[in-house]
Amino acid sequence: MFSYDALRVQKKWQKRWKETGIHSVDLTGDTRKKYYNLVMFPYPSGDKLHIGHWYNYGIADSWGRYIRLQGYNVFEPMGYDSFGLPAENYAVSSGVPPHESTKKNTDYMTLQLGEIGTMYDWDKTVMTSSPEYYKWTQWVFLQMYEKGLAYKKEAPVNWCNGCMTVLANEQVHNGNCERCGAEVVQKNLKQWFFNIKSYADELLDHSGLDWPEKTKLMQTNWIGKSVGTEIRFLVEAETGAGELFFDVFTTRADTLFGCTYCVLAPEHDLVDKVTTEDRKAEVEKYVKDAGKKTDMDRTAEGKDKTGVFTGSYAVNPINGEKVPIWVADYVLAHYGTGAVMAVPAHDERDFAFAKKHELPIIEVVRGERAEGERAEASAGARSEGDGLPEAFVDYGVLVNSGEFDGLSSEEAKKKITERLKESDSGDFCISYKLRDWLVSRQRYWGAPIPIVHCKKCGEVPVPQKELPVKLPTEGVDYKPKGKSPLASVPDFVNTKCPKCSGDAEREVDTMDTFVCSSWYFLRYLSSKDDEKAFDKELVKKWFPVDMYIGGPEHACMHLLYARFVHKVLVDDRNAEPFKRLVHQGLVTKDGAKMSKSKGNVVSPDEFVGKYGSDVFRMYLMFMGPFTEGGDWSDKGITGIARFADRFWKLINDEVGGGGAAGGGVVSDKDALKKNLHKLIKKVTEDIEKFNFNTAVAAFMEFLNFALKNGVDEESKKILSVLIAPFAPHLAEECWEELGGEYSVFDQEWPKFDPALVVDDTITIGVQVNGKVRGEVELSNDAPQEEALRMARENPNVSKYLEEGEVVKEIYVPGRIIGFVVKG
Ligand code: ANZ
Ligand code: ZN
């Protein structure tokens with residue numbers, strides 16, 4: 001029988017918190033140190049909160065509560081990323097307009113989030129689909145526009161046949177739509193872009209960011225900075241094509257003498273111009289087919305390297321050699337210059353291509369070898385590399401490269417580029433994989449792009465005072481049809497030009513929801529301000545966000561966009577919005593990801609209704625380290641429920657029988673003190689590492705001891721504070737029960753006495769020549785000499801010591817390792 005009435009207690013405190021406004025943060029006047037505790041906001045769906053929400057939001061809140069107990073003024077806002085496809089798709093299938101379903105869903109979600117017992121400051125909430133918010137998203141667009149960072153251009157883009165809209169590069173996963181899974185094809189369309197590329201170098205700089213290494217690496221690779229050379233190839237004049245040329249980007253200028261053909265991407269401007277009459281039909285067909293393939297298809301390793309000859313030749317600027325120009329889809333239009341010089345001897349793709357199409361292979365780099373051999377190689381006549389079994393892709397020493405023979409690849413890259421520079425046919429160059437961010441969408445449920453198209457004035461930005469450009473809520477057919485549903489709302493489309501007042505038409509595309517979420521963390525501070533998007537002084541005070549918690553899947557999308565937009569908006573290329581970043585792990589069931597189709601979904605409601613939210617939250621914490629997630633077990637949560645109940649009993653002296661102490665009787669005061677201080681230390685350190693699981697385990701261990709030994713009132717109070725981040729309602733109730741003044745969250749986090757937490761003895765592993773051979777247990781304050789003697793005399797150690805060898809040094813960092821130097 002549980003004596004702790006979790007559900008009653010939970011209700012009571014949630015009501016009290018609300019009534020007293022304890023979670024309302026004073027952003028300006030509070031003199032405590034600030035702490036901005038941010039968690040990625042959800043998009044509202046009609047479904048109940050799932051276990052992932054609880055895991056993420058519950059634990060993020062526990063962190064915030066812990067920080068608050070450290071004496072900080074903790075700002076923990078929450079809002080909704082409410083524009084976007086889920087609401088719109090729901091509207092298409094149900095007929096309920098998105099603004100209605102969104103309102104209903106967010107209201108419901110707010111109630112549920114309240115159930116967790118979080119300390120969100122709802123006064124400062126944001127909802128990205130509300131006109132009060134998207135007015136400023138439109139303002140963000142105008143900022144980009146004014147700074148020359150937003151532009152419209154025709155480009156090959158990803159088109160999702162399911163969602164009937166374009167997608168950002170980042171939203172295409174393995175050739176499929178991230179949202180609906182449908183196939184993504186390439187289309188040439190006029191679209192809006194943000195020039196994120198111009199911030200590539202700043203985005204590569206993660207210094208000072210306490211972020212997971214993996215996430216930083218993912219961003220770095222996504223940005224993909226390459227340092228190389230751009231080389232100009234003239235098209236052979238005899239094709240009648242006139243003064244034509246193209247540039248190639250290479251990271252291996254050292255291999256220029258090995259270039260035996262060049263390749264243009266099918267989309268390259270020059271393809272039409274260089275294709276000779278007799279090759280026309282074949283080339284055109286090839287280009288058309290390539291348009292249907294995704295980048296993934298085109299570049300996948302081991303993929304058949306198709307291509308066609310254009311009939312024209314280009315001139316290698318370093319030696320005047322004539323090389324054929326091909327078109328092949330393994331060259332991408334939007335990387336580098338969309339053209340490459342092919343060096344089959346030293347590039348795997350080019351090698352496979354050359355073999356297939358019987359193009360020459362010339363070896364120009366060799367691995368390091370003896371001097372004599374090298375001299376011979378470079379002195380010898382130009383050797384064809386057809387005999388090479390495979391491409392030699394490493395750096396080495398140049399051969400078959402005229403005066404550059406004998407140079408190392410590294411030197412040759414420099415020397416060859418310098419030579420090209422002299423003849424104006426090349427230069428050093430940096431290339432990025434990152435492409436500009438495609439922000440326009442042909443969908444209804446998003447912020448309209450605040451641009452007007454006027455026949456006379458062209459593209460005209462909507463003046464700020466006319467914002468928001470309201471999304472029409474009446475008379476819209478939401479069904480995606482390949483162009484924006486807004487295009488068929490005449491009241492929306494037809495407008496006057498802000499410049500000349502003549503008839504004009506509004507831009508009908510809406511913004512990608514990632515634009516909405518790229519700045520919401522700034523808006524939280526000024527959520528009700530209708531004069532400006534955010535307040536500079538508040539930003540100065542509250543940024544960077546101290547802790548940002550959310551999913552790792554956002555590494556190359558939201559987290560990159562947010563960094564970029566933040567830099568632009570605060571007008572500081574080096575500003576970073578999120579100082580520390582932590583990704584939550586995944587909660588699984590029977591080792592598998594929960595999914596409706598597998599039938600292994602755990603519904604929080606059932607357990608929260610039975611044990612209360614504290615227990616549910618604590619069990620999620622107990623499952624594993626936060627960043628790794630864990631596997632759900634029904635039995636496991638029962639254990640936590642029992643733990644909460646026993647904690648309550650301990651505080652209320654409801655213990656007795658079975659040899660347990662009770663009624664304030666403490667059998668060993670010293671042991672109590674020691675164990676309590678060890679608990680404080682352990683819990684504090686574990687929380688700092690986001691290892692809530694081991695902290696809960698330490699609580700359990702302590703409880704076992706305390707129930708036998710008994711606790712005094714002072715210790716009970718400490719315990720109530722200590723458990724507050726884990727079980728906020730239970731903690732408040734215990735604290736009140738003990739006569740503490742409301743609220744337990746206004747208390748101070750307990751400190752441990754270092755003298756009380758040291759063990760009496762320590763165990764040290766002893767290594768001999770780098771291998772652990774034995775262990776010695778020493779008294780904690782044993783002097784170095786004593787430690788050395790014991791190590792030497794340990795039989796497991798001494799047998800590895802030869803005559804005359806002694807243990808010279810023993811090192812005791814903490815208590816784990818020691819080592820021995822022989823001799
Ligand atoms: C000649 C060469 C010789 C190359 C060699 C490599 C090895 P990263 O490091 O990823 O930047 N390349 C350039 N533009 C391309 C495009 N649009 N589509 C496909 N491939 C392209 O790669 C740079 C290399 O990728 C460039 O260096 C170029 O091939 C190829 F032994 O040039 B290299
Ligand atoms: Zn005009």
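Both ligands and their constituent atoms are indexed starting at 1 by order of listing.
- Ring centers of Phe353 and Tyr330: under 6.0 Å apart, within the cut-off.
- Below 3.5 Å of separation, one finds no N or O of His346 facing any N or O of ligand 1.
- Taking the ring axis of Tyr432 as reference, the NZ or CZ atom of Lys225 does not stay both within 45° of it and closer than 6.0 Å to the ring centre.
- In Met341, the parts holding a heavy atom less than 4.0 Å from any atom of ligand 1 are both the side chain and the backbone.
- Classification of Arg232 and Asp247 as a salt-bridged pair holds, one side-chain N sitting under 4.0 Å from a carboxylate O.
- Remark: minimum distance from atom 8 (P) of ligand 1 to any protein heavy atom is reached at Ser226 OG, 3.3 Å.
- At least one heavy atom of Arg349 sits closer than 4.0 Å to an atom of ligand 1.
- Of the polar atoms of Val331, none of the N or O atoms is found under 3.5 Å from an N or O of ligand 1, judged by distance alone.
- For Tyr335, a nitrogen or oxygen atom sits less than 3.5 Å from a nitrogen or oxygen atom of ligand 1, counting backbone and side chain alike.
- Between Trp437 and Phe514, the distance from one ring center to the other does not fall under 6.0 angstrom.
- Every atom of ligand 1 with a heavy atom of Val343 under 4.0 Å away is listed here by number and element: 3 (C).
- The distance between the ring centers of Tyr548 and Trp211 does not fall below 6.0 angstrom.
- For Thr255, every heavy-atom contact with ligand 1 shorter than 4.0 Å involves the side chain, none the backbone.
- With respect to atom 15 (C) of ligand 1, the closest heavy atom belonging to the protein is Val340 CG1, 3.4 Å.
- The protein heavy atom nearest to atom 27 (O) of ligand 1 is Thr251 N, 3.2 Å.
- With hydrogens and angles left out, the side-chain atoms of Asp304 and Thr306 include no donor and acceptor closer than 3.5 Å.
- Each of His206, Lys567, His566 was compared with Glu576 under the side chain to side chain donor-acceptor pair (under 3.5 Å) criterion, and only Lys567 meets it.
- Remark: ligand 1 and Asp350 share no N or O pair separated by less than 3.5 Å (distance only, no angle test).
- Arg563 has no carboxylate O lying under 4.0 Å from a charged side-chain N of Glu202, or vice versa, which leaves the two without a salt bridge.
- Ionic pairing of Lys152 and Glu507 is present here: one or more N-O contacts between side-chain nitrogen and carboxylate oxygen are shorter than 4.0 angstrom.
- Geometrically, ligand 1 and Arg252 share no nitrogen or oxygen pair separated by less than 3.5 Å.
- Looking at Asp347 next to ligand 1, no N or O pair under 3.5 Å apart turns up.
- Among protein heavy atoms, the minimum distance from atom 1 (C) of ligand 1 is reached at Thr250 OG1, 3.0 Å.
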